[in-house]
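First listed ligand is number 1; within each ligand, the first listed atom is number 1.
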Amino acid sequence: MAEPELDLGKKYDAVIIGSGAAGGMAAHVLTSHGLQVLLLEAGKKLNIEQELRSMEWPYDNAHRGGLPPGSHALNHNEYTIRRPPYGPGFEKSKSLYSYIGSTDYMKNIVVNERDNPYTGTNYAWVRARCLGGKTNIWGRLALRLSDYDFKAKDRDGYGENWPLSYSDIAPYYDKVDLYLGITGVKENLPYLPDSLFQRPTKLNCAEVTLKQGIQKMGRVLTQYRAGVTTDGLKHNKYRSRCYGRGACSRKGGCDIHAAFDSPTGLIYPAMDTGNLTLRTNSVAREITVDPQTGKASGVHFTDSETMKDYTVRGKTVIVAASTLESARLLLLSKSRLYPKGLANSSGHVGHNFCEHIMGPHVAGQATDLVGKPPTLDDGRPGSFYLTRFRNLAEKHPKFIRGYGFEGGSGSGMFPPGTDSPGFGASFKEEIRRNQGSYISMGAFGEVLSRYENFVDLDPVVKDKWGIPALRFHYKFGDNEHHMAADMKETAQEMFEAAGFKIIFVSDRVLTEGWSIHELGTARMGDDPKTSVLNQFQQSHDVKNLFVVDGSAFVSASCQNPTWTIMALCWRSCDYLADQLAKNDL
Ligand SMILES: Cc1cc2nc3c(=O)[nH]c(=O)nc-3n(C[C@H](O)[C@H](O)[C@H](O)COP(=O)(O)OP(=O)(O)OC[C@H]3O[C@@H](n4cnc5c(N)ncnc54)[C@H](O)[C@@H]3O)c2cc1C
Ligand code: SF4
């Protein structure tokens, strides 16, 4: 693989900040247009296969897969009781991680909270600072949005419509499907458009029972739509097809890269064009501006290890540091011309912050499967998705928008129930009898985009590199709490309709941030007074500045965002390349 060195004397066609889903996609699209691109990534390039070790059994790991001594991952209670920054109070742990960093496989991927503090309201902020960002460990549920989302205001009067329609983005969803691979089954649902799917996985017995049980209620359960290649991708030598080895159920990525991750899916192929320069350990701290033209001129960054500062130059700058980090960077890039931060004449940078609410869930048992012969259900990169059903044809009296459920059944790497009381032969017999009969699911719902939910810069607290930390002002509102109560009711009602024995139902809402789907802090729109970007994720204020990650979302939808982030980014980068060729940036 060609790895050109950073050239400080060169003016790159594009400087991209961040190498996750958005930054990787920008690198792929722009290098395929023949542009000379520099990609800056704050984290390290890890030997990722060595980190993930997808085939390792817990008994082969020194800590049974858990964190080594001296490390701690925050749990739900700690997020609830303590206020950020989360470092103080955990002095005994040298390394402190977000809740997702609770395994040995994640410890070098997610950030150490001590080096990367934030302040304000409680928030479980999950960050992965390494090449590929969060795509190394994402859950791979790859869903499209529809005009039920893009034009949601037309349906219920709330918020803003997106400045584009499904027909604008559909060709780009197709491109993403074909380039990266996705598995699933066509359902022809207007509110959850189908992808161009590769070979689907199979539902198991309890899942089919649930699917059939809820059909009479007009509700739809479908195979997990996973951003995983099940047939393989002839054009990509870095990725293998999925062999259904089942390690998807363990937190941590796929070490044969059947599951999409940005390095093997996008960045390495982009490097093969010879047009991409990658610099890791490069923490962007400011987007520089030409005082004569008001345009972005480049990026000022610090080497994360040597602490040395550099400035690189670009004809265009593409911000893709993830929703919250991108907002932070725009706010940090204050100058005489842009005293409120870059691209922020509207005052909307950091605002309209939205995501998904989660927590309510149900667990049950298909009692007719108890005592049946064992099945092998773990060879799948995901189980099922139960699609949105609220506020489609009818209006719910207590809340607007919708939610869907992710769930699964069957025997994974270990059969469920091994944590129940008991020991010895009778315990083993009990586990064997029940294996394959348990089923559970949890909901993800749309959090409304609200101006008063926002992030700004903390005036005092700084990170390890002396950069002001982000401060949260963010809380779920009444709509979300009414929705969460309904999630619990409908989860139970659907399990009952399927004839399952209910074991547990919860309406507990998890801390803000738990869904890891943060969105909306630099939203798109047609009006520069109320939005930051136009429909091509181009700043209204600074023509050669693009923000191509989830910060551009106008609303959160209840569908997971990553496939949409990449489709939008592809569309915007095609536009950027076209405008640059016309000398119009
Ligand atoms: C455990 C888990 C499960 C998930 N499951 C799903 C799912 O099932 N479906 C779904 O759609 N999404 C899921 N997500 C979310 C998904 O990972 C994100 O939507 C996606 O990665 C966002 O891409 P991004 O490029 O915006 O950000 P990231 O992937 O976070 O990449 C941002 C990159 O920018 C870098 N960066 C940040 N600041 C700077 C700076 N100042 N200078 C230079 N570089 C910087 C970071 O180090 C990082 O590498 C999940 C995430 C996690 C962690
Ligand atoms: S099941 Fe497939 S996608 Fe998941 S870890 Fe295994 S090979 Fe990778």
Side-chain angles (χ1 to χ4, degrees), residues 16-26 39-44 52 54-55 98-101 106 109-111 116 126-143 181 183 201 224-230 239-263 266 279-287 299 301-302 304 319-326 328-329 332 355-356 378-382 385 406 444 463 465 467 515-519 547-552 559-566 569:
I16 303 172
I17 303 164
S19 68
M25 182 54 82
L39 176 55
L40 297 174
E41 164 54 50
K44 291 189 178 67
L52 299 175
S54 305
M55 294 298 279
S98 65
Y99 79 93
I100 210 79
M106 299 280 207
I109 296 176
V110 296
V111 301
N116 298 275
V126 174
R127 289 157 291 170
R129 272 205 172 186
C130 59
L131 185 67
K134 297 195 287 285
T135 66
N136 291 295
I137 51 172
W138 73 307
R140 304 129 200 190
L141 185 57
L143 303 174
T183 162
T201 54
Y224 198 82
R225 295 182 172 179
V228 166
T229 172
T230 45
R239 299 182 60 195
S240 159
R241 74 180 175 85
C242 172
Y243 288 98
R245 305 168 306 159
C248 271
S249 60
R250 188 174 77 188
K251 276 189 229 151
C254 171
D255 64 2
I256 58 169
H257 312 290
F260 158 73
D261 57 65
S262 171
L266 298 165
R279 195 179 194 285
T280 47
N281 297 337
S282 305
V283 185
R285 53 193 311 142
E286 187 186 348
I287 298 153
V299 179
F301 71 90
T302 302
S304 62
V319 188
S322 77
T323 295
L324 292 166
E325 290 288 11
S326 291
R328 182 181 175 202
L329 200 50
L332 283 166
E355 56 160 350
H356 295 150
D378 62 349
R380 300 180 295 174
Y385 184 67
E406 292 179 39
F444 285 71
D463 70 11
W465 300 273
I467 305 173
S515 67
I516 328 181
H517 292 161
E518 58 276 1
L519 301 161
V547 187
V548 294
D549 54 29
S551 43
Q559 273 101 258
N560 306 38
T562 308
W563 231 240
T564 303
I565 290 174
M566 291 195 286
C569 175

*Once you round to the nearest 0.5 Å, how far does NE2 of His517 lie from CG of Leu141?*
7.5 Å
_Ile137 vs Val110, side chain to side chain contact (heavy atoms under 4.5 Å, CB included): CA-CA, chis, key distance, verdict_ = CA-CA 9 Å; Ile137 51 172; Val110 296; 4.1 Å; yes
*Around atom 22 (C) of ligand 1, find the nearest protein heavy atom and jot down its residue, atom name and distance.*
Ile565 CD1, 4.0 Å
*Please indicate whether any nitrogen or oxygen in Ala22 is less than 3.5 Å from any nitrogen or oxygen in ligand 1.*
yes
_Under 4.0 Å from a heavy atom of Ile516: which atoms of ligand 1 are those, numbered in the order shown and with their elements?_
1 (C), 2 (C), 15 (C), 51 (C), 52 (C), 53 (C)
*List every atom of ligand 2 that sits less than 4.0 Å from any heavy atom of Arg140, numbering the atoms from 1 in the order shown and giving each element.*
4 (Fe)
*State, yes or no, whether a side-chain contact exists between Thr135 and Pro263 at a heavy-atom distance under 4.5 Å.*
yes
*To the nearest 0.5 Å, what is the distance between CG (Asp549) and OG1 (Thr562)?*
11.0 Å
*With atoms numbered from 1 as shown, which atoms in ligand 1 lie under 4.0 angstrom from a non-hydrogen atom of Ser19?*
33 (C), 34 (O), 49 (O)
*Positive for salt bridge (charged side-chain N to carboxylate O under 4.0 Å, His left out) with Asp463, one of Arg328, Arg127, Arg129*: Arg328
*asked:* For the CD1 atom of Ile516 and the OH atom of Tyr99, what is their distance to the nearest 0.5 Å?
replied: 3.5 Å
_Best match, Ala321, Cys569, Gly18: closest heavy atom to atom 32 (C) of ligand 1_ = Ala321
*Pull up every protein N/O/S atom sitting under 2.8 Å from atom 2 (Fe) of ligand 2, skipping waters.*
Cys242 SG
*Thr183 OG1 to Arg140 CZ distance, which is reported to the nearest 0.5 Å*: 12.5 Å
*Which bit of Ala142 is near ligand 1, meaning a heavy atom under 4.0 Å away: side chain, backbone, both or neither?*
neither
_Can you tell me which portion of Arg129 lies within the under-4.0 Å heavy-atom range of ligand 1? Options are side chain, backbone, both, or neither._
both
_Within this structure, what is the CG-CD1 distance for the pair Asn560 and Ile565, rounded to the nearest 0.5 Å?_
10.0 Å
*asked:* For atom 50 (C) of ligand 1, what's the nearest protein heavy-atom neighbour? Residue, atom name and distance, please.
replied: Trp138 CB, 3.7 Å
*May I ask you to test the Ser54-Ile256 pair for a side-chain heavy-atom distance under 4.5 Å?*
no
*asked:* Within the 4.0 Å heavy-atom shell around Ile100, which atoms of ligand 1 are there?
replied: 1 (C)
*Nearest option to atom 4 (C) of ligand 1, as decided by whichever heavy atom of Gly139, Gly23, Cys130, Gly101 sits closest*: Gly139
*side chain to side chain contact (heavy atoms under 4.5 Å, CB included) between Val548 and Met25: does it pass, once the steps are laid out?*
CA-CA 9 Å; Val548 294; Met25 182 54 82; over 6 Å; no
*Test side chain to side chain contact (heavy atoms under 4.5 Å, CB included) on Tyr224 and Glu406 and set out the steps.*
CA-CA 8 Å; Tyr224 198 82; Glu406 292 179 39; 3.8 Å; yes
*Starting from atom 41 (N) of ligand 1, which protein heavy atom do you reach first, and at what distance in Å?*
Ala284 O, 3.0 Å
*Closest non-hydrogen atom pair between Ala284 and Ile17, with its separation*: CB-CG2, 3.7 Å
*Can you tell me the protein heavy atom closest to atom 9 (N) of ligand 1 and the distance?*
Leu141 O, 2.9 Å
*asked:* Checking a contact table here: which protein heavy atom is nearest atom 1 (C) of ligand 1, and how many Å away?
replied: Ile137 O, 3.4 Å
*asked:* I'd like to check the salt bridge (Lys or Arg N to Asp or Glu O under 4.0 Å) partners of Arg279; sequence neighbours left out, ordered by chain and number.
replied: Asp303
*Near Ala128, which atoms of ligand 1 are under 4.0 Å from a heavy atom of that residue?*
46 (C), 47 (O), 48 (C), 49 (O)
*asked:* Quick test: of every protein heavy atom, which one is nearest to atom 19 (O) of ligand 1, and how far off is it to 0.1 Å?
replied: Thr562 OG1, 2.9 Å
*Please round to the nearest 0.5 Å and tell me the distance separating atom CG of Leu52 and atom CD1 of Ile109.*
5.0 Å
_Enumerated ligand 1 atoms positioned under 4.0 Å from heavy atoms of Ala21_ = 23 (O), 24 (P), 25 (O), 29 (O)
*Candidate with minimal heavy-atom separation from atom 14 (N) of ligand 1, of Arg328, Lys134, Arg279, His517*: His517
*Which residue owns the protein heavy atom closest to atom 44 (N) of ligand 1, what's the atom, and how far is it?*
Ala42 N, 3.0 Å
*Taking only heavy atoms of Asp549, which atoms of ligand 1 are found under 4.0 Å from at least one of them?*
26 (O)
*Determine the interplanar angle of the Trp138 and Phe260 rings, folded into 0 to 90°, and report it as parallel if under 30°, tilted if 30 to 60°, perpendicular if over 60°.*
perpendicular
*Who's the nearest protein heavy-atom neighbour of atom 46 (C) of ligand 1, and how far?*
Glu41 OE2, 3.5 Å
*Which atoms of ligand 1 are found less than 4.0 Å from any heavy atom of Ser282?*
42 (N), 43 (C)
*Please say whether Arg140 places an N or O atom under 3.5 Å from an N or O atom belonging to ligand 1.*
yes
_Determine whether Gln559 and Thr564 satisfy the following criterion, side chain to side chain contact (heavy atoms under 4.5 Å, CB included), listing intermediate values before the conclusion._
CA-CA 9 Å; Gln559 273 101 258; Thr564 303; over 6 Å; no
*asked:* Minimum heavy-atom separation for Pro561 and His356, please, with both atom names.
replied: CD-CE1, 4.4 Å
*Where is the tightest heavy-atom contact between Ala26 and Cys569, given as atom of each residue plus distance?*
N-SG, 3.6 Å
*Taking only heavy atoms of Ile17, which atoms of ligand 1 are found under 4.0 Å from at least one of them?*
42 (N), 43 (C)
*asked:* Looking at ligand 2, would His257 count as a contact under a 4.0 Å heavy-atom criterion?
replied: no
